[in-house]
There are 2 protein chains.
Amino acid sequence: MTVIFSKKCEYGLQAVLYLAAKDAGEVVSSDDIAKKLNIPKEFVSKILQSLTDSGLVNSKKGKAGGFLLAKHPANIRLLDVVAAIDGLEIFNSCVLGFPNCSPDHPCPLHEKWGALRTSAYNMLTEQTLDQLKEKTLNKIAHLEV
Amino acid sequence: MTVIFSKKCEYGLQAVLYLAAKDAGEVVSSDDIAKKLNIPKEFVSKILQSLTDSGLVNSKKGKAGGFLLAKHPANIRLLDVVAAIDGLEIFNSCVLGFPNCSPDHPCPLHEKWGALRTSAYNMLTEQTLDQLKEKTLNKIAHLEV
DNA sequence: CTTTAATCAGATAAAATAATCTGTTTATAA
DNA sequence: TTATAAACAGATTATTTTATCTGATTAAAG
């Protein structure tokens, strides 16, 4: 198989987009998130805990507790989430798996791939949770089974 | 972690590029390939066996046996190798892991990601093993440990 | 014809990723 | 103040991917 983001990262991105689509400050339980997004509750809970450690998400314990974004969604870029979960290695490693791939000793795809990779990086840097709110709401509205 | 191609696919691409950099018709053993590319012999052997089944590679059994490309390297696109090993699912599945991601019910990144994905697809379709021969030779020349 | 060196086939092992479970702590609300 | 519902912590399990092993078959070369 081929993957861009790990499952952890996909779920993490879905979850923070979901949080960003809620009203500011609203606390959402992992149970709610898991049900809405159709992903394992314990798993998404773990992921949000790690994003809490990373400072992107805040949590509230106890009854009526849950998660909420730690910053205004305009200040959270997709790249921040990816960096916190999967890391940025993908933007700095050879697409063909060659060692030492660099401008000095480029792999056969170095330039062509480099251009695509940069576009992807820029896109993830430009897009904030805020900017995607409308689209997220739309997608969520059609997640019913 | 984040990945574009599986290890299998990375090794497979490296191996066919290596074969394409050899003289036409030259038979190369998996042992040779493994040593040169610094990848596990049995693993690359398995991968080349599967590419043989896919019709991209031919094999020669017995002493002095090994592998060679089944077609002229100008007729093998990178996409063919990726398709044979990882499949093309990545070009047809949601980058955020949302179900049912389509123009009707797009995920928040549907358009932006779609553009990048198409660029990647086109690149892999345009690049043939032949076109990458010079660059492959250069890279291989600097693989020494 | 025998030795040797290769692919091939299938089983197995190891490592990484994904998912689940068990119990503890915490805070709300009845 | 007690019941409840949540995050949290850590261990465990399951699945997938990566890698290795064992033996069989094949073909070239001495």
Side-chain angles (χ1 to χ4, degrees), chain A residues 1-16 19 22 26-70 82 85-87 89-90 93 97, chain B residues 1-15 19 26-70 82 85-87 89-90 93 97:
Chain A
M1 234 254 279
T2 314
V3 157
I4 300 294
F5 301 129
S6 67
K7 274 275 167 241
K8 231 185 249 181
C9 194
E10 284 181 7
Y11 291 161
L13 286 164
Q14 288 188 22
V16 293
L19 289 178
K22 293 278 180 177
E26 183 173 347
V27 173
V28 188
S29 72
S30 60
D31 197 55
D32 176 341
I33 297 170
K35 276 187 179 129
K36 192 66 189 176
L37 299 176
N38 241 301
I39 58 188
K41 176 189 166 181
E42 292 87 357
F43 201 22
V44 79
S45 171
K46 277 263 182 285
I47 295 164
L48 287 169
Q49 278 172 45
S50 88
L51 288 179
T52 299
D53 295 341
S54 305
L56 295 176
V57 166
N58 280 339
S59 69
K60 190 158 169 285
K61 294 175 83 174
K63 190 166 180 174
F67 298 91
L68 67 164
L69 296 180
V82 173
I85 301 179
D86 275 347
E89 195 194 330
I90 192 179
S93 64
Chain B
M1 236 255 279
T2 316
V3 157
I4 300 296
F5 301 130
S6 67
K7 273 276 168 236
K8 231 187 247 182
C9 195
E10 285 182 4
Y11 291 161
L13 286 164
Q14 288 189 21
L19 289 177
E26 184 172 346
V27 173
V28 188
S29 73
S30 60
D31 196 56
D32 176 341
I33 298 169
K35 279 190 179 127
K36 191 68 190 175
L37 299 176
N38 242 301
I39 58 187
K41 177 189 165 178
E42 293 86 358
F43 200 23
V44 79
S45 172
K46 275 264 182 286
I47 295 165
L48 287 168
Q49 280 171 43
S50 88
L51 289 178
T52 298
D53 295 342
S54 304
L56 295 176
V57 165
N58 280 338
S59 69
K60 191 159 169 284
K61 297 175 80 174
K63 191 166 180 175
F67 298 91
L68 68 165
L69 296 180
V82 172
I85 301 180
D86 276 346
E89 196 194 329
I90 192 180
S93 64

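Quick note: numbers below take in every heavy atom, side chains included, and nothing from hydrogens, waters or symmetry partners. What you are looking at is a predicted structure, and each value in this text was computed from that prediction instead of being measured. Chain A is the first sequence line, chain B the second, and so forth, proteins listed ahead of strands; every chain is numbered from 1.
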Measure from the side-chain heavy atoms of [X] and tell me the nearest of [options].
X: B/K46; options: C/dT7, D/dA7, C/dG10; answer: C/dG10
X: A/E42; options: C/dT20, D/dA19, D/dC21; answer: C/dT20
X: B/Q49; options: D/dC8, C/dA18, C/dT7; answer: C/dT7

Rounded distance (Å) that lies between atom [atom2] of [N] and atom [atom1] of [X]:
X: B/D86; N: D/dT16; atom1: CG; atom2: C1'; value: 13 Å
X: A/I47; N: C/dT17; atom1: CD1; atom2: P; value: 14 Å
X: B/N38; N: D/dA19; atom1: CG; atom2: C1'; value: 15 Å
X: A/F67; N: C/dT26; atom1: CZ; atom2: P; value: 16 Å
X: A/F43; N: D/dA11; atom1: CZ; atom2: C1'; value: 16 Å
X: B/E10; N: D/dT17; atom1: CD; atom2: P; value: 14 Å
X: A/L37; N: C/dA19; atom1: CG; atom2: P; value: 14 Å
X: B/L48; N: C/dT7; atom1: CG; atom2: C1'; value: 11 Å

Please tell me if A/Y11 has a side-chain N or O lying less than 4.0 Å from either OP1 or OP2 of C/dA19.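 Indeed, a polar side-chain atom of A/Y11 lies that close.
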On DNA chain C, check which nucleotide each of A/A64 and A/K41 is closest to and give me the residue with the more 5' one.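 Whichever sits nearer the 5' end wins; that is A/K41.
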Determine whether [X] and [Y] make a side-chain contact, defined as any pair of heavy atoms from C-beta on separated by less than 4.5 Å.
X: A/N58; Y: A/L69; answer: no
X: B/L37; Y: B/V44; answer: no
X: A/F5; Y: A/V82; answer: yes

Among residues 51-63 of chain A, which contact DNA chain D at a heavy-atom distance under 4.0 Å?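 Contacts with DNA chain D under 4.0 Å: A/S59, A/K60, A/K61, A/G62, A/K63.
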With a non-hydrogen cut-off below 4.0 angstrom, is B/S30 in contact with a base, only sugar-phosphate, or nothing?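 The answer is sugar-phosphate, as B/S30 gets under 4.0 Å only of primed atoms, P, OP1 or OP2.
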